[in-house]
Amino acid sequence: MKVNNKIILIISLAVIVFISACNDKETPAPSVSPYTEGGVFVVNEGNYTSANSSLSYYYPDSNSVVNNVFYRANNVPLGDVAQSMTIHNNLAYITINNSGHIYVTDVSTSKYAGKIEGLISPREVAIINNTKAYITDFTSKSITIANPETYEVTGSVPVGKSTEAIVQTNSKVFVSNWSSYNQTTINNTVMVIDPANDIITDSIIVGIEPVSMVIDKNDKLWVLCSGGYLGEEHPTLWRINTIDNIVEETFYFDDINSSPDNLCINKAKDTLYYLNKSIYTMSIDDSNLPATALIDSGDKNFYAMGVNPENGDIYISDALDYSHNGTIYRYTHTGLLITSFETGIIPGAFCFYQASL
């Protein structure tokens with residue numbers, strides 16, 4: 001029996017329409033809402049020289065995530081190695097390390113507002129006041145001074161070394177000398193800067209590779225040192241009096257091959273967290289480093305951590321194989337897993353969108 005070709009055509013078209021309708025239901029176009037206060041930006045580094053960095057935004061209340069936030073808003077890629085993000089006066093300052101610039105966006109929409117250019121290898125931004133920002137740099141031997149309102153570079157603070165982490169307290173700015181790249185001196189100092197005059201007033205010797213720093217409730221500076229990329233010395237944790245710049249306490253890690261980083265602090269500023277393959281926590285009053293982990297990494301590749309300054313939730317990224325999209329795990333401050341979600345390639349930093357920022 002022959003089959004009518006018109007019937008075959010009608011049936012085929014009906015099948016195509018049905019399949020298309022099903023696909024539309026299964027993969028709806030994602031909607032992008034304004035990025036509201038209380039959420040978390042995830043800065044995804046991407047691969048070096050691949051220009052595949054990206055920005056994600058997570059809504060804790062609805063447990064939903066929007067990826068490629070910057071690209072969605074501006075129809076251009078974020079750039080080559082996104083390093084960090086800072087929020088001030090409803091603007092976001094996103095350092096793009098290998099591209100040598102900082103994108104400035106409206107924090108609630110991620111729409112482009114401007115760009116700070118002429119940088120070499122920017123790492124972190126500290127807003128000193130409404131007209132002055134300090135920008136640390138991986139390869140430059142100066143801290144760049146820029147106007148956060150006009151996005152213009154206005155000067156520099158010569159330091160003679162690379163710079164990384166930066167924090168402020170007691171009318172002082174503390175900057176760590178993390179990398180030994182492009183310098184002949186040992187990378188084991190925290191420089192003290194007078195932001196009113198843009199000059200170095202002191203230099204504190206700590207351990208090799210001071211990678212991250214926080215200020216506690218007593219205005220004490222805590223500095224976590226990895227000990228060096230090649231394991232030159234045991235990693236250390238330092239407590240420094242920010243009034244007289246004197247070292248008060250030094251904690252030594254037993255394993256010289258360990259490489260702790262991502263030092264964080266809670267809202268009350270009395271509890272420290274750090275990443276050393278797994279996640280560890282300690283009180284600022286403890287006399288010893290913790291012996292057991294709060295959160296064991298297991299078979300995960302923990303890469304970066306952030307602690308929500310409002311509720312203490314701990315966000316930890318798993319970089320997986322460094323080529324596929326990473327995963328974020330969200331835990332309570334006591335180490336109980338809440339949820340997980342996917343972001344971009346190599347999620348390397350967190351920025352919490354608070355109402356006061």
Side-chain angles (χ1 to χ4, degrees), residues 35-45 55-67 85 87 211-217 222 224 235 237 251 253-255 258-322 324-357:
Y35 307 112
T36 53
E37 296 166 354
V40 186
F41 286 98
V42 182
V43 180
N44 305 295
E45 294 179 6
L55 191 65
S56 302
Y57 193 72
Y58 173 67
Y59 299 86
D61 290 343
S62 61
N63 190 33
S64 58
V65 62
V66 178
N67 288 315
M85 176 173 170
I87 299 174
V211 63
S212 50
M213 305 187 298
V214 296
I215 301 290
D216 72 15
K217 67 177 185 179
W222 292 81
L224 183 61
L237 176 64
F251 300 84
F253 289 78
D254 291 334
D255 186 0
S258 64
S259 185
D261 59 10
N262 279 257
L263 183 65
C264 299
I265 197 163
N266 65 342
K267 180 180 181 179
K269 296 188 176 183
D270 59 6
T271 303
L272 304 173
Y273 298 84
Y274 61 85
L275 172 59
N276 192 13
K277 293 185 178 178
S278 296
I279 305 301
Y280 293 82
T281 184
M282 62 182 286
S283 166
I284 61 172
D285 297 320
D286 286 348
S287 55
N288 294 291
L289 293 172
T292 58
L294 174 68
I295 302 170
D296 191 278
S297 61
D299 59 356
K300 301 179 183 67
N301 181 17
F302 284 171
Y303 183 77
M305 176 178 60
V307 176
N308 190 313
E310 291 301 318
N311 61 17
D313 284 355
I314 305 168
Y315 289 77
I316 308 170
S317 75
D318 182 350
L320 300 175
D321 59 359
Y322 301 100
H324 292 85
N325 286 343
T327 300
I328 305 300
Y329 294 91
R330 176 187 170 199
Y331 294 85
T332 66
H333 72 280
T334 58
L336 297 177
L337 180 64
I338 299 174
T339 189
S340 63
F341 54 92
E342 182 179 302
T343 57
I345 296 173
I346 314 180
F350 299 93
C351 184
F352 298 92
Y353 186 11
Q354 301 171 253
S356 59
L357 296 175

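When reading the values below, keep in mind they use all heavy atoms of this one structure, side chains included, and skip hydrogens, waters and symmetry mates. Note that the structure is a prediction, hence the values are computed from the model and not measured.
Classification of the Trp222-Phe251 ring pair by plane angle, with boundaries at 30° and 60°, yields parallel.
Within the 4.5 Å cutoff, side-chain heavy atoms of Ile345 are placed close to those of Asn325. The side-chain heavy atoms of Ile314 and Leu294, taken from C-beta on, include a pair separated by under 4.5 Å. You'll find the side chain of Thr343 reaches within 4.5 Å of the side chain of Asn67, heavy atoms only. The side-chain heavy atoms of Leu289 and Tyr280, taken from C-beta on, include no pair separated by under 4.5 Å. Proximity of Ser212 to Leu224: side-chain heavy atoms (C-beta onward) are separated by under 4.5 Å at one or more points. Counting heavy atoms from C-beta on, the side chains of Leu272 and Ile284 come closer than 4.5 Å. Glu310 is not listed as a side-chain neighbour of Phe352, based on a closest heavy-atom distance of 4.5 Å or more. Put simply, the side chain of Met85 reaches to within 4.5 Å of the side chain of Leu55, judged on heavy atoms.
Judged purely by atom type and a 3.5 angstrom limit, Ser317 uses its side chain to pair as donor or acceptor with the backbone of Ala304. A donor-acceptor pair is defined here as one N or O able to donate and one able to accept, closer than 3.5 Å; such a pair exists between the side chain of Asp296 and the backbone of Gly298. At distances below 3.5 Å, at least one donor-acceptor pair connects side-chain atoms of Ser278 with backbone N or O atoms of Ser297. The backbone N or O of Gly312 sits nowhere less than 3.5 Å from a side-chain atom of Asn266 that would complete a donor-acceptor pair.
Pro260 and Val211 make their closest contact through O-CG1, 3.9 Å (heavy atoms, listed as atom of the first residue, atom of the second, distance). When all heavy atoms of Tyr329 and Lys300 are compared, the pair lying nearest together is CZ-CE, 3.3 Å. When all heavy atoms of Ser56 and Val65 are compared, the pair lying nearest together is CB-CG2, 4.4 Å. Closest non-hydrogen pair, Met305 versus Cys264, comes out as O-SG, 3.7 Å. The shortest heavy-atom contact between Ser258 and Pro235 is O-CG, 3.3 Å.
No more than 12 heavy atoms of other residues, nucleotides or ligands lie within 6.0 Å of NZ in Lys269, so this atom counts as exposed by the packing criterion. The local environment of CG in Asp321 is crowded, with over 12 non-hydrogen atoms from other residues, nucleotides or ligands closer than 6.0 Å.
Atom CZ of Phe341 is separated from atom OH of Tyr315 by 6.5 Å, given to the nearest 0.5 angstrom. Taken from CG in Asp318 to CD in Glu342, the straight-line distance is 11.5 Å, to the nearest 0.5 Å. Separating the OG1 atom in Thr332 from the CD1 atom in Ile338 is a distance of 5.5 Å, to the nearest 0.5 Å. Rounding to the nearest 0.5 angstrom, the gap separating the NZ atom in Lys277 from the CG atom in Asp255 is 7.0 Å.
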side-chain contact (heavy atoms from CB on, under 4.5 Å) between Tyr303 and Leu275, intermediate numbers included: CA-CA 8 Å; Tyr303 183 77; Leu275 172 59; 5.7 Å; no
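Under a 4.0 Å N-O distance rule, the pair Asp313/Arg330 qualifies as a salt bridge.
Checked against the 6.0 Å centroid criterion, the rings of Phe253 and Tyr274 qualify as a close aromatic pair.
For the side-chain contact (heavy atoms from CB on, under 4.5 Å) with Ile328, the qualifying choice from Val40, Thr339, Val42 is Val42, the only one to do so.
A donor and an acceptor atom, one from each side chain of Asn63 and Tyr58, are located under 3.5 Å apart.
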